Amino acid sequence: MDIQTIKQRFGIIGDDPALNRAINIAAQVASTDLSVLITGESGVGKEFFPKIIHQLSARKHGPYIAINCGAIPAGTIDSELFGHEKGAFTDAKDTRKGYFEVAAGGTIFLDEVAELPLETQVRLLRVLESGEFFKVGSSKTQKIDVRVVAATNVNVQDAISRGKFREDLFYRLNAISIQVPPLRDRKGDIELLFRKFASDICERYRMPIPELEAEARDYLLNYRWKGNIRQLKNVAEQIAVTEANRKISAEALMKCLPPPASDLPMLYPGATESLSEREILYSVLFDMRKEVNDLKAVISNLLKNNETHTYSSPRTEIKQIAEEEFPEVTILPATATSKYAPAKNERPRPIQVETTVEAPEEESLSLTKKEMDMIKKSLDRHRGKRRAAAEELGISERTLYRKIKEYGLE
């Protein structure tokens with residue numbers, strides 16, 4: 001079965017090469033009984049791949065059971081997975097089959113497998129190595145024939161280093177590895193997915209289908225999408241239902257999306273997203289600009305006060321302040337000599353107090369004007385294409401939109 005047929009059958013949208021590779025691996029490994037570990041961020045659609053593997057395998061007529069390991073309490077997960085004997089614990093009034101026994105002859109999908117307790121990981125390792133397990137409260141070994149497909153959104157190697165996941169279990173599960181790409185690496189599929197989700201919700205409630213403006217499309221494509229496809233679907237449905245204007249602008253999208261982490265002016269511990277050095281420098285300069293201008297205004301006001309009041313000179317002010325603050329120190333005139341006797345044939349060296357207070361000159365080109373000129377030139381150079389201009393300036397598109405609006409360059 002070719003990739004396009006698989007996509008149509010399982011409702012997968014997109015044509016990104018990394019996505020196609022993941023689907024191709026799932027189709028090729030389906031005919032074997034090897035364990036498969038599917039990795040990828042939360043919301044990328046990992047749940048489609050065990051279905052592909054099961055439906056294209058010889059086990060397709062057997063049961064398919066999907067289990068979210070993170071949703072089962074640690075105290076009962078062994079019983080849920082492997083079953084228990086009557087009287088094994090307080091509420092065990094009857095013998096019960098576990099999910100592995102129910103899935104015999106088919107496929108069991110362990111989602112969020114890294115959330116399994118270490119004791120349960122030992123039991124799972126035994127199933128993968130020998131096809132055997134014990135029910136809780138039983139000493140009798142049971143053979144089982146089941147295909148195991150697991151998935152996780154955590155860094156397994158990091159979990160192993162922290163002692164949260166067994167390394168031997170990882171190698172057993174990772175006989176075949178499938179990496180599902182995040183949505184931000186599938187930019188060519190983002191608009192297609194948005195249209196699909198918006199069309200579905202509009203068709204259900206008989207509403208006109210929204211259309212994206214150029215700026216909104218660019219914003220959508222360059223957003224980080226930490227929640228991936230799940231987040232995009234939520235945004236598309238919210239926009240389709242709540243926006244009265246069917247022409248969706250970038251501002252409308254910003255209302256439904258939290259600010260991307262790349263717009264933060266500082267790095268923080270554990271951050272997975274990095275800022276370019278140029279963007280960090282811009283952020284610092286923009287913050288410093290206002291502080292410098294405020295400081296110049298304060299100095300200018302001080303100088304104006306000196307001119308209007310009967311102060312003899314800045315030198316006199318310094319002398320008065322020094323005499324008040326340090327009465328034990330004698331301030332000599334500029335021509336006074338040192339009280340220490342000069343060396344032979346050495347001319348006396350005068351002690352002078354020199355102060356220079358200069359009024360700040362008007363900046364012919366302030367940082368604001370320089371920044372505005374840079375943005376204008378970049379937009380002109382790229383014929384108004386804001387995405388290209390933002391890349392050249394080394395800032396995010398969101399920052400560029402804000403600057404354009406601030407300086408009235410629209």
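Since this is a predicted model, take the numbers as computed values, not measurements.
The backbone N or O of Lys164 lies less than 3.5 Å from a partner atom in the side chain of Gln121, making a donor-acceptor pair. Not one N or O on the side chain of Ser177 forms a donor-acceptor pair closer than 3.5 Å with the backbone of Asn174. Under a 3.5 Å cut-off, the side chain of Lys143 and the backbone N or O of Ser130 do form a donor-acceptor pair. Remark: the backbone N or O of Gln238 is paired with a side-chain donor or acceptor of Thr242 at under 3.5 angstrom. With hydrogens and angles ignored, the 3.5 Å screen pairs a side-chain donor or acceptor of Asn222 with a backbone N or O of Asp218. Within the 3.5 Å criterion, the main-chain N or O of Arg195 finds a donor-acceptor partner in the side chain of Ser199.
Every pair tested for ring-ring contact (aromatic ring centres under 6.0 Å, His included) that includes a residue from residues 135-173 fails, sequence neighbours excluded, so the list is empty. Residue pairs meeting the salt bridge (charged side-chain N to carboxylate O under 4.0 Å, His left out) criterion with at least one partner in residues 230-258, sequence neighbours excluded, are Glu211-Lys247. Sorted by first and then second residue, the side chain to side chain donor-acceptor pair (under 3.5 Å) pairs involving residues 74-84 (not counting sequence neighbours) are Asp78-Thr120, Asp78-Arg123, Ser79-His84, Glu80-Arg96, Glu80-Tyr99. Listed by first and then second residue, the salt bridge (charged side-chain N to carboxylate O under 4.0 Å, His left out) pairs that reach into residues 105-119 come to none, sequence neighbours excluded.
Counting heavy atoms from C-beta on, the side chains of Trp225 and Val235 come closer than 4.5 Å. Contact check for Ile239 versus Cys256: side-chain heavy atoms found under the 4.5 Å cut-off. Side-chain contact between Leu257 and Gln231 is present, with at least one heavy-atom pair separated by less than 4.5 Å. With contacts defined as side-chain heavy-atom distances shorter than 4.5 Å, the pair Ile160/Arg166 does not qualify. In this structure, the side chains of Pro208 and Cys202 stay at 4.5 Å or more apart for every pair of heavy atoms. At least one side-chain heavy atom of Val127 sits less than 4.5 Å from a side-chain heavy atom of Phe82. In this structure, Asp189 and Ile13 have side chains that are not in contact, with every pair of non-hydrogen atoms separated by 4.5 Å or more. By the 4.5 Å heavy-atom criterion applied to side chains, Glu85 and Val136 are not counted as neighbours.
Nearest heavy-atom pair, Ser57 versus Ala30, reported as atom, atom and distance to 0.1 Å: CB-O, 3.0 Å. Closest approach of Asn228 and Ser42 over heavy atoms only: ND2-O, 3.0 Å. Annotation for Ala216 and Ala250: closest pair CB-N, 3.6 Å, computed over non-hydrogen atoms. The heavy-atom pair separating Ile248 from Pro210 by the smallest distance is CG1-CB, 3.7 Å. For the pair Glu392 and Ser378, the tightest heavy-atom approach, listed with the atom from each and the gap, is OE1-OG, 2.6 Å. The minimum heavy-atom distance between Cys69 and Leu110, with the atom names listed, is SG-CB, 3.9 Å.
Taking CG of Asp2 as the reference point, atom CD1 of Ile23 lies at 11.0 Å (rounded to 0.5 Å). Taken from CZ in Phe194 to CG in Leu212, the straight-line distance is 4.5 Å, to the nearest 0.5 Å. Atom NZ of residue Lys140 and atom CZ of residue Phe133 lie 10.5 Å apart, to the nearest 0.5 angstrom. The CZ atom of Arg386 sits 7.0 Å away from the CG atom of Leu400 when rounded to the nearest 0.5 Å. Taking CD1 of Ile108 as the reference point, atom CD1 of Ile67 lies at 3.5 Å (rounded to 0.5 Å). With rounding to the nearest 0.5 angstrom, the NZ atom of Lys376 is 12.0 Å from the CD atom of Glu371.
Side-chain contact annotation: Thr39 with Gln179, donor-acceptor N/O pair under 3.5 Å present. Side chain to side chain, Glu213 and Ser249 fail the donor-acceptor criterion of an N or O pair below 3.5 Å. Between Lys46 and Asn153, the side chains place no donor N or O within less than 3.5 Å of an acceptor N or O (distance only, hydrogens not considered).
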- Message: Please determine whether side chain to side chain contact (heavy atoms under 4.5 Å, CB included) holds for the pair Tyr401 and Met254, giving the CA-CA distance in whole Å, both sets of side-chain angles, and the decisive distance to 0.1 Å.
- Response: CA-CA 11 Å; Tyr401 293 150; Met254 292 177 188; 3.5 Å; yes

- Task: Evaluate side chain to side chain contact (heavy atoms under 4.5 Å, CB included) for Ile65 paired with Val102, printing each intermediate quantity in order.
- Result: CA-CA 8 Å; Ile65 298 179; Val102 173; 3.6 Å; yes

- Message: salt bridge (charged side-chain N to carboxylate O under 4.0 Å, His left out) for Glu101 and Lys135? Distances and angles first, verdict last.
- Response: CA-CA 10 Å; Glu101 194 172 353; Lys135 285 186 176 181; 3.5 Å; yes

- Working for side-chain hydrogen bond (donor to acceptor under 3.5 Å, both in side chains), residues Thr141 and Glu132: CA-CA 6 Å; Thr141 302; Glu132 299 176 347; 4.8 Å; no

- Item | Stepwise side chain to side chain contact (heavy atoms under 4.5 Å, CB included) test for Phe100 and Val148 | CA-CA 9 Å; Phe100 272 90; Val148 178; 4.0 Å; yes

- Message: As a quick check of understanding, evaluate side chain to side chain contact (heavy atoms under 4.5 Å, CB included) for Leu125 and Asp168, giving each step before the final call.
- Response: CA-CA 8 Å; Leu125 179 62; Asp168 48 3; 3.2 Å; yes

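A salt bridge does not link Asp15 to Arg186: none of the charged side-chain nitrogens sits closer than 4.0 Å to a carboxylate oxygen. Using a cutoff of 4.0 Å between basic side-chain nitrogens and carboxylate oxygens, Arg59 and Asp145 are scored as salt-bridged. Electrostatic pairing of Glu129 and Arg126 does not count as a salt bridge here, judged by no charged N lying under 4.0 Å from a carboxylate O. Between Lys196 and Asp200 there is a salt bridge, since a side-chain N of the basic residue sits under 4.0 Å from a carboxylate O of the acidic one.
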For residues 48-55, tabulate all N or O donor-acceptor pairs below 3.5 Å that involve a side-chain atom, not counting sequence neighbours.
from	atom 1	to	atom 2	distance (Å)
His54	ND1	Thr107	OG1	2.8
His54	NE2	Gly62	O	3.3
Gln55	OE1	Arg9	NH2	3.4

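With a 6.0 Å radius and a threshold of 12 heavy atoms from other residues, nucleotides or ligands, Lys7 has its NZ atom above the threshold.
Residues forming a side-chain hydrogen bond (donor to acceptor under 3.5 Å, both in side chains) with Asp158 (at least two apart in sequence, or on another chain): Arg162.
Applying the side-chain contact (heavy atoms from CB on, under 4.5 Å) test between Ile12 and each of Ile3, Asn20, Leu19 identifies Leu19 as the sole match.
Ring geometry, Tyr223 versus Tyr219: the interplanar angle falls from 30° to 60°, so the pair is classed tilted.
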